[in-house]
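Below is one structure; the comments refer to it alone.
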Amino acid sequence: MAEPRNNTVYCRNLEESVKIPVLTATLETLFSQYGTILEIVAKKNLRARGQAFVVFDSPDAAERAIKEVQGFNLFEKPMVLQYAKTKSDATVQAESSDIEFDAHKRRRLAEKDRKQAIRAAEAQKHLKRPAQSGPSHGLPADSSRPTKKAATGPSAPGGLKSTAAPAAPQIPDEYLPPNKILFLQNLPDNATSDILNGIFGSFEGFKEVRLVPGRKGIAFVEYENEAGAISAKENTQGMSLGPDGSGVVKVTYQRQ
DNA sequence: AGCACA
């Protein structure tokens, strides 16, 4: 799918043997005729080589560059150009306030961590081939799925071998993708539903807090939509409900 | 193929 307009041109199919300073200098001379370039980002690690990001000061400049340079042979290889799929830091810095820039960067780094965690889990899956053992369905003590009853696990009576496929390695809580339900952990005993309603009720689209009978320290908070949950999470991250400033509540998205 | 910005 084609990316929407962006100030940044994502270049791929670049010759990988060219040294980074040479590459960026060449891209600079080639692209500067289409507009002002704020920055060019190119790296040489395995996942990033052969690609570059050319940050223009406007989407129009980026559009011109893509139209004109598409397929141009650079170091004997035809460049493939498209809009970058996210805004460059340099763009946000140039166009937004410092606090927005700060927020952008925090979100970006969080997303980067999340991707990294997913890759790590993927890599495990591909080398480990774990034996079928144990309740590897994730969080046996803290499952973030209140509405489902405990999965009928390998400990089912009868001593039958489970025929279930080994569970895929799970992404840690903190990297779960956003959704409209938050999962709270490490709540102090004094965190009554009144208190939680007071705190989480002030974010857009709040629906309800659900305590889990018989489970101390955890709760779920549901919003009408993802946006509400995201803002609630961002604003309650690291919040401490204990008396002295202890008892930092862990706020993540519900595992789906 | 691969979407980064220590």
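Each chain gets a letter, A, B and so on, in the order its sequence line appears, and its residues count up from 1.
- Note on A:Lys44: nothing from the nucleic acid sits closer than 4.0 angstrom, heavy atoms only.
- B:dC3 atom C1' lies 15 Å from atom CG of A:Asn13, rounded to whole Å.
- In this model, no side-chain donor or acceptor of A:Gln116 finds a partner on the base of B:dA4 within 3.5 Å.
- Using a 4.0 Å cut-off, no side-chain N or O of A:Lys105 falls inside it from OP1 or OP2 of B:dC5.
- The distance between atom CG of A:Asn45 and atom C1' of B:dC5, rounded to the nearest whole Å, is 12 Å.
- Between A:Phe183 and A:Phe220, the distance separating the two ring centers is shorter than 6.0 angstrom.
- Looking at A:Leu196 and A:Leu211, their side chains come closer than 4.5 Å, going by heavy atoms from C-beta outward.
- Between A:Phe56 atom CZ and B:dC5 atom P the separation is 20 Å, expressed in whole Å.
- Remark: P of B:dA1 and CG of A:Leu14 are 14 Å apart, rounded to the nearest angstrom.
- The aromatic ring of A:Tyr10 sits over the base of B:dC3, with ring centres less than 5.5 Å apart and planes inclined by under 30°.
- Going from atom CD of A:Glu111 over to atom C1' of B:dC3 covers 11 Å, rounded to whole Å.
- Looking at A:Ser88, its side chain comes within 3.5 Å of the base of B:dA4 through a donor and an acceptor atom.
- At the heavy-atom level, A:Phe101 lies nowhere under 4.0 Å from the strands shown.
- Within 4.0 Å of A:Ala48, counting heavy atoms only, lies no atom of the nucleic acid at all.
- Following rounding to the nearest Å, A:Lys77 (NZ) and B:dA1 (C1') show an atom-to-atom distance of 11 Å.
- Checked options A:Val9, A:Leu27, A:Ile66; the residue passing with A:Met79 is A:Leu27 (criterion: side chain to side chain contact (heavy atoms under 4.5 Å, CB included)).
- Between A:Leu14 and A:Phe75, every side-chain heavy-atom pair lies at or beyond the 4.5 Å cut-off.
- Within 4.0 Å (heavy atoms only), A:Lys85 reaches at least one base atom of the nucleic acid.
- Under 4.0 Å is where a charged nitrogen must lie from a carboxylate oxygen, and between A:Lys67 and A:Glu63 at least one such pair does.
- With distances taken from any side-chain atom of A:Phe53 to the nucleotides B:dA6, B:dG2, B:dA4, the minimum falls on B:dA4.
- Per the geometry, CG belonging to A:Asn7 stands 15 Å off C1' belonging to B:dA4, to the nearest Å.
- A:Gln93 comes within contact range of no nucleotide atom at all, as no heavy-atom separation falls under 4.0 Å.
- Proximity note for A:Leu109 (side chain, C-beta onward) versus B:dA1, B:dA6, B:dC5: the nearest is B:dA6.
- Proximity of A:Lys112 to the phosphate of B:dC5: a side-chain N or O atom is located under 4.0 Å from OP1 or OP2.
- In this structure, the CZ atom of A:Arg108 is 7 Å from the C1' atom of B:dA4, given to the nearest Å.
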